[in-house]
Amino acid sequence: MLDVNLLRNNLDEIAERLVIKKFKFDKELFNRLEQERKQLQIRTEELQAKRNASSKQIGQLKAKGEDTSAIMAEVAGLGDELKAVETEFNNIANQLNAYLATVPNLPHESVPVGNDETANVEVRRVGVPRDFDFQVKDHVDIGASLSNGIDFEAGAKVSGSRFAFLKGNIAKLHRALAQFMLDLHTTEHGYTEIYSPYLVNANALYGTGQLPKFEEDLFKTKRGDDDMYLIPTSEVSVTNLAAGEIYKEEELPFKYSCHSPCFRSEAGSYGRDTRGMIRMHQFDKVEMVNIVHPDKSFEALEAMVQCAENVLKALKLPYRVIALCGGDMTFGSAKTYDLEVWVPSQNTYREISSCSNMTDFQARRMQARFKDSAGKNRLVHTLNGSGLAVGRALVAVLENYQNADGSVTVPEVLRSYMGCDILK
RNA sequence: GGAAGCUUGGCAGAGCGGUUGAAUGCACCGGUCUUGAAAACCGGCAAGGAUGCGAGUCCUUCGUGAGUUCGAAUCUCACAGCUUCCGCCA
């Protein structure tokens, strides 16, 4: 949610900056609703003030045992008008809020301008893709040959498309990756480990910005009469730890890391990445979430990207860092870096992490604040990033570490977790 | 699933129809005192919003929603959450 005052005072400028996020701000609608809102709110509050004053007076007169019938008559008609104006005011205010809830965050000045991924900017490339002197296999074939380590048929039988079973050493490698990432963040990067709920309520999803606009991307379920949703990322559950809080300034920043499954309907991506584990309805991710002072969020973003990169460096996987252009960034983000890992079978880099500074966009929706040195409550900034997507990391390890005989070398940093150095 | 109780400010805890946005204590912030600290004493201290250049004025909020009333933290109804006991259960 953007600051309404920003819209009231700098409407043209804000609308222009939103174009960078491919959003057409309806200035006419906003101005009309805002004007009505103002009138109705002033009138409502006038009537309320009058009612309050009269009621107070009646109380005083009654205490003195005096007659109150004159004032009672005066207030008699007030209730009906107040109720009518109030109803109309609520109606307009709700319309206004409903519209504002669909407006994306403003992009930071440093964000490249552009509509799609072709305008993204490569920031740096680390590591060199390995030269294979044999025909590379993709992870599906590698997984199949390793004692049926990845079983898509079973996934389809039990759940449907975009689900898979991992078996044996592949399942173990998957677990090792998640453990390694979490250990790295908690011991080297100063993160606090979190275990979070995987089902959340609608309010939490509103707070992080998935609702009301992106409900079709979510798996929805019920508990009694309440809607519950499977988290599409633990960004949702973990960031909402800050919802409604007023932190002390010196408590900031909070750095949380959470390993969780993520559930996405992938509506609208039919036919894309249908082979393999690149795009699944359920995948594991080790997430990083920062709750920070607003002056520090952009440096925190750079630091967070470093933490994600450290995972790839430790695994010795070639990758590149991409600064997303405005049109390719998500709804709530002010600035996003993607990390893309080398996938030999596709001869290209594929997204394995996305780190975003949401500035005060989520904080305003969930009223996450801190008390500054002047005693004033101010919104915190929130950031989130993958560190990393575990399923895709598994793909990258299998493919980059494959050998001519179909075996896979275990990356050094994972050997203590695996208890072996080669998978056959 | 059955039964009972509870839900007030950062926390604890009064209030049960009328100057109550809410006593009191703790925490926190400022001051006096002190070589310094502690103690003691004095003062301050909820959030959101409207309006205004500003001082300010006003509105809303005592789990949530609806109702009764000129007036609700206080009365009524519905819902939710929490706690304890019983049953079931990984």
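Naming convention: chains lettered A, B, ... in sequence-line order (proteins, then strands); numbering from 1 in each chain. Excluded from the calculations below are hydrogen atoms, water molecules and symmetry mates; all remaining heavy atoms, backbone and side chain alike, are included. In this text the structure is predicted, and so the values were computed from the model without any measurement.
- Between the C1' atom of rA47(B) and the CD atom of Glu245(A) lies a distance of 14 Å, rounded to the nearest Å.
- Comparing rA47(B), rU19(B), rC70(B) by their nearest atom to the side chain of Gln60(A) picks out rU19(B).
- When each of Ser54(A) and Ile246(A) is assigned the nucleotide of RNA chain B bearing its nearest heavy atom, the one mapping closer to the 5' terminus is Ile246(A).
- We find that Glu412(A) and Arg415(A) are not joined by a salt bridge, their nearest charged nitrogen and carboxylate oxygen being 4.0 Å or further apart.
- Distance check on atom C1': rC62(B) versus rA14(B) gives 13 Å, rounded to whole Å.
- Between Arg369(A) and the phosphate of rA46(B), there is no side-chain N or O to OP1/OP2 separation shorter than 4.0 Å.
- The line from CG of Leu394(A) to CG of Leu388(A) is 12.5 Å long, rounded to the nearest 0.5 Å.
- As rounded to the nearest Å, rG9(B) and rG65(B) have P atoms that lie 16 Å from one another.
- Out of rC70(B), rG48(B), rU51(B), the shortest distance to the side chain of Ile42(A) is found at rU51(B).
- The nearest whole Å value for the distance from the CD atom in Glu74(A) to the P atom in rG71(B) is 14 Å.
- For Lys83(A) and Lys248(A), each mapped to the nucleotide of RNA chain B holding its nearest heavy atom, the one lying further toward the 5' end belongs to Lys248(A).
- Note: CZ (Arg37(A)) to C1' (rU60(B)) measures 14 Å, nearest angstrom.
- In this model, the phosphate group of rC70(B) is not approached by any side-chain N or O of Lys62(A) to a distance below 4.0 Å at OP1 or OP2.
- Side-chain polar atoms of Asp284(A) and His174(A) form no donor-acceptor pair below 3.5 angstrom.
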For nucleotides 54-59 of chain B, list the nitrogen or oxygen atoms of the protein found under 3.5 Å from its nitrogen or oxygen atoms, one pair per line.
{"unit_1": "rC59(B)", "atom_1": "OP1", "unit_2": "Asn52(A)", "atom_2": "ND2", "d": "3.1"}
{"unit_1": "rC59(B)", "atom_1": "O3'", "unit_2": "Gln48(A)", "atom_2": "OE1", "d": "3.1"}
{"unit_1": "rC59(B)", "atom_1": "O2'", "unit_2": "Gln48(A)", "atom_2": "OE1", "d": "2.6"}

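- If you take CD of Glu250(A) and P of rC29(B), they are 9 Å apart, rounded to a whole angstrom.
- Note on Arg364(A): nothing from the nucleic acid sits closer than 4.0 angstrom, heavy atoms only.
- Between rU8(B) and rG81(B), the distance separating the two C1' atoms is 16 Å to the nearest Å.
- Going from atom OG of Ser386(A) over to atom CD1 of Ile352(A) covers 8.5 Å, rounded to the nearest 0.5 Å.
- Backbone-only engagement by Arg8(A) is indicated by non-hydrogen atom pairs under 4.0 Å involving sugar-phosphate atoms exclusively.
- Closest to the side chain of Gln41(A), out of rA50(B), rC70(B), rA46(B), is rA50(B).
- Gln48(A) and Glu86(A) are linked by a side-chain donor-acceptor pair at a separation below 3.5 angstrom, with hydrogens and angles left out of the test.
- The separation of rA39(B) from rC26(B), taken at their P atoms, amounts to 11 Å, rounded to a whole angstrom.
- Distance noted for atom P between rG18(B) and rG54(B): 38 Å (whole Å).
- For the residue pair Ser354(A)/Asp338(A), the side-chain donor-acceptor check at 3.5 Å is satisfied.
- Comparing the same atom, P, in rC41(B) and in rC59(B) gives a spacing of 37 Å after rounding to whole Å.
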Kindly express the pairing pattern of RNA chain B in dot-bracket notation, using | wherever a base pairs with another strand and counting only Watson-Crick or G-U pairs under 3.5 Å. ((((((((.[[[..)..(.....]]].(((((.......))))).((((((....)))))).[[[[[..)....]]]]])))))))....
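- Remark: the Tyr256(A) side chain and the Asn290(A) side chain contain no N/O donor-acceptor pair separated by less than 3.5 Å.
- Rounded to whole Å, atom C1' of rU69(B) lies 18 Å from atom NZ of Lys56(A).
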Side-chain donor-acceptor pairs of residues 149-171 of chain A under 3.5 Å, sequence neighbours excluded:
{"unit_1": "Asp151(A)", "atom_1": "OD1", "unit_2": "Glu153(A)", "atom_2": "N", "d": "3.2"}
{"unit_1": "Asp151(A)", "atom_1": "OD1", "unit_2": "Ala154(A)", "atom_2": "N", "d": "2.8"}
{"unit_1": "Asp151(A)", "atom_1": "OD2", "unit_2": "Lys167(A)", "atom_2": "NZ", "d": "2.8"}
{"unit_1": "Arg162(A)", "atom_1": "NH1", "unit_2": "Arg272(A)", "atom_2": "O", "d": "3.3"}
{"unit_1": "Arg162(A)", "atom_1": "NH1", "unit_2": "Asp273(A)", "atom_2": "O", "d": "3.3"}
{"unit_1": "Arg162(A)", "atom_1": "NH1", "unit_2": "Arg279(A)", "atom_2": "O", "d": "3.0"}
{"unit_1": "Arg162(A)", "atom_1": "NH2", "unit_2": "Ser269(A)", "atom_2": "O", "d": "2.9"}
{"unit_1": "Arg162(A)", "atom_1": "NH2", "unit_2": "Arg272(A)", "atom_2": "O", "d": "3.0"}

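- Within the 4.0 angstrom heavy-atom criterion, only backbone atoms of the sugar-phosphate kind lie near Lys38(A); the bases stay farther away.
- As rounded to whole Å, 11 Å separates atom P of rA50(B) from atom CG of Asn97(A).
- For rG15(B) and rA72(B), the C1' atoms lie 13 Å apart once the distance is rounded to whole Å.
- Using a 4.0 Å cut-off between charged side-chain N and carboxylate O, Glu266(A) and Arg264(A) make no salt bridge.
- Remark: P of rG49(B) and CG of Asn377(A) are 10 Å apart, rounded to the nearest angstrom.
- Remark: aromatic rings of His381(A) and Phe361(A) are distant, center separation not under 6.0 Å.
- Taking atom P on both rU61(B) and rA66(B), the two are 11 Å apart, rounded to the nearest angstrom.
- In this entry the distance linking CG of Asp3(A) with C1' of rA50(B) reads 15 Å, nearest Å.
- Using a 4.0 Å cut-off between charged nitrogen and carboxylate oxygen, Asp227(A) and Lys220(A) count as a salt-bridge pair.
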